[in-house]
Amino acid sequence: METYRLKNIAIVILLLLNGCLLLTVGFQELQALRAERRAEDRLRELYRASQLALGEDLDLSRQSLGALTPSRHAETERAIAAALLGGEPAAASQGGGIYSYEAEHGVIQFRSGGSFYGTRLDLPVEDIEGFAEEFCRRFGYETPSCQMENGRGVASAIQLAGEVSVANCGVEMHFEGGRLTSVSGAHVSMEGAVPEPGARMTCVTALMKFLDHRNASGAVCSEVRDVRCVYQLRGASTPRLLPVWEIRTDTYTYYVDCETGEVTGR
């Protein structure tokens with residue numbers, strides 16, 4: 001009987017300890033949420049004082065993404081070349097991480113950093129918009145923007161890393177007389193790419209750095225219309241996808257580097 005009572009007492013003590021731990025964690029989360037709300041309110045006050053509108057519907061609680069190190073896939077490069085050259089290409093190493101792919105309708109070169117280009121192509125294309133849309137769907141680009149008239153023009157799109165845009169990693173296809181005549185851009189393979197550990201920059205911090213940049217540089221804008229975390233492709237030999245906050249204003253688009261805090265414009 002005495003043993004049974006001791007077991008019950010031990011269970012009650014454990015339940016009380018667990019309850020105390022839950023209360024402590026809940027209190028810490030509540031404090032963190034309150035601090036976050038205060039930071040957001042302070043940010044909006046500073047923006048109003050600088051006569052810069054900050055949309056009320058912007059989600060200021062978001063964290064930045066983790067950096068990614070994509071890998072190079074020769075099979076994917078060959079498939080892209082085949083799609084743009086209209087046939088199975090022959091591959092050849094040019095040294096320095098450069099590979100060329102040649103088929104009946106031209107030559108395309110890929111560099112180790114992910115960039116590729118092809119000039120003097122001559123691929124006949126009956127449905128230009130359909131061709132561009134199928135290429136982008138197949139290789140993970142956004143829906144292309146097509147500016148065409150009488151079989152001549154440009155189709156362009158940005159690559160996606162999952163559902164996240166890679167700001168400076170896209171494709172641009174030029175057409176003349178119903179033929180693909182040149183292509184340039186970049187592509188990185190997401191297979192096996194895992195987010196790297198490290199500190200994350202909040203949306204509030206990024207907007208603070210942008211406000212400091214705007215006030216110091218005299219950049220002309222009166223409204224922040226959208227904020228999202230995207231990737232930028234960096235590295236000439238070993239590509240990396242580094243997170244940046246993309247801040248769209250009523251005049252230009254700006255990027256805040258999540259590692260350095262540097263602000264650049266486009």
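With contacts defined as side-chain heavy-atom distances shorter than 4.5 Å, the pair Cys146/Ile128 does not qualify. Side chains of Gln232 and Asp257 form no contact here, defined as non-hydrogen atoms less than 4.5 Å apart. Looking at heavy atoms from C-beta onward, Tyr252 lies out of side-chain contact with Val220 at the 4.5 angstrom threshold. Contact annotation: the side chain of Arg248 approaches that of Arg228 to within less than 4.5 Å [non-hydrogen atoms, C-beta and beyond].
Under the 3.5 Å distance criterion, the side-chain polar atoms of Tyr99 are left unmatched by any main-chain donor or acceptor of Ile108. Looking only at distances, a side-chain donor or acceptor of Arg214 sits under 3.5 Å from a matching main-chain atom of Ser50. A donor-acceptor contact shorter than 3.5 Å is absent between the side chain of Ser115 and the backbone of Arg111. Between the side chain of Asn168 and the main chain of Leu233, a donor-acceptor pair closer than 3.5 Å is present.
The ring-ring contact (aromatic ring centres under 6.0 Å, His included) search around Phe139 returns Phe135, not counting sequence neighbours. Residues passing the side chain to side chain contact (heavy atoms under 4.5 Å, CB included) test with Ala67, sequence neighbours excluded: Glu196, Arg240, Leu242, Pro243. Annotation: side chain to side chain contact (heavy atoms under 4.5 Å, CB included) contacts of Ser222 (sequence neighbours excluded): Asp250. Residues satisfying the ring-ring contact (aromatic ring centres under 6.0 Å, His included) criterion with Tyr101, sequence neighbours excluded, are Phe110. A search for side chain to side chain contact (heavy atoms under 4.5 Å, CB included) contacts involving Ala53 returns Glu223, not counting sequence neighbours. A search for side chain to side chain contact (heavy atoms under 4.5 Å, CB included) contacts involving Glu45 returns Arg42, Arg48, not counting sequence neighbours. Annotation: salt bridge (Lys or Arg N to Asp or Glu O under 4.0 Å) contacts of Glu259 (sequence neighbours excluded): none.
Atom-to-atom distance recorded for His187:NE2 and Ile80:CD1 is 4.5 Å, nearest 0.5 angstrom. To the nearest 0.5 angstrom, Asp59 atom CG is 11.0 Å from Asp226 atom CG.
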Cut-off 3.5 Å, no hydrogens considered: what does the side-chain donor-acceptor table look like for residues 197-212, sequence neighbours left out?
| from | atom 1 | to | atom 2 | distance (Å) |
| --- | --- | --- | --- | --- |
| Arg200 | NH1 | Ser64 | O | 2.9 |
| Thr202 | OG1 | Thr205 | N | 3.1 |
| Thr202 | OG1 | Thr205 | OG1 | 2.9 |

Quick one: side chains of residues 84-95, donor-acceptor pairs under 3.5 Å with protein atoms, not counting sequence neighbours, listed by atom name and distance.
| from | atom 1 | to | atom 2 | distance (Å) |
| --- | --- | --- | --- | --- |
| Ser93 | OG | Gly95 | N | 3.3 |
| Gln94 | NE2 | Ser100 | OG | 2.8 |

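Annotation: Glu134, atom CD; neighbour count of heavy atoms from other residues, nucleotides and ligands within 6.0 Å is above 12.
Under the 4.5 Å side-chain heavy-atom criterion for Ile, Leu, Val, Met, Phe, Trp and Tyr, Leu60 and Leu52 are members of the same hydrophobic cluster. Clustering ILVMFWY residues whenever any of their side-chain heavy atoms sit less than 4.5 angstrom apart, transitively, puts Val154 in a cluster other than the one holding Tyr117. Residues Val188 and Ile98 do not share a hydrophobic cluster, clusters being chains of Ile/Leu/Val/Met/Phe/Trp/Tyr side chains in contact below 4.5 Å. Hydrophobic clustering (side-chain heavy atoms under 4.5 Å, transitive across Ile, Leu, Val, Met, Phe, Trp, Tyr) keeps Val230 apart from Val263. Linking ILVMFWY side-chain heavy atoms closer than 4.5 Å, directly or via other members, places Trp245 and Leu65 in two distinct hydrophobic clusters.
The nearest pair of heavy atoms linking Val244 to Arg234 is CG1-NH2, 3.9 Å. Taking both residues in full, the closest heavy atoms of Gly265 and Tyr254 are given as CA-CD2, 3.7 Å, listed atom of the first, atom of the second, then distance. Residues Leu54 and Arg44 come closest through the heavy atom pair O-NH1, 3.4 Å. His174 and Leu180 get closest at one heavy-atom pair: O-CD1, 3.4 Å. Taking all atoms of both residues into account, the shortest heavy-atom contact from Leu68 to Met190 is CD1-SD, 4.4 Å. Gln159 and Gly140 get closest at one heavy-atom pair: CG-O, 3.4 Å.
Within the structure, every pair that satisfies the salt bridge (charged side-chain N to carboxylate O under 4.0 Å, His left out) test and touches residues 171-190, not counting sequence neighbours, is listed here: Asp122-Arg179. The stretch residues 62-76 participates, sequence neighbours left out, in these salt bridge (charged side-chain N to carboxylate O under 4.0 Å, His left out) pairs: Arg72-Glu77. Residue pairs meeting the side chain to side chain donor-acceptor pair (under 3.5 Å) criterion with at least one member in residues 141-150, sequence neighbours excluded: Glu142-Ser165.
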* To do: Determine, step by step, whether Val183 and Met173 satisfy the side-chain contact (heavy atoms from CB on, under 4.5 Å) criterion, reporting the C-alpha distance in whole Å, the side-chain angles of both residues, the deciding distance to 0.1 Å, and the verdict.
  => CA-CA 5 Å; Val183 62; Met173 294 176 275; 3.8 Å; yes

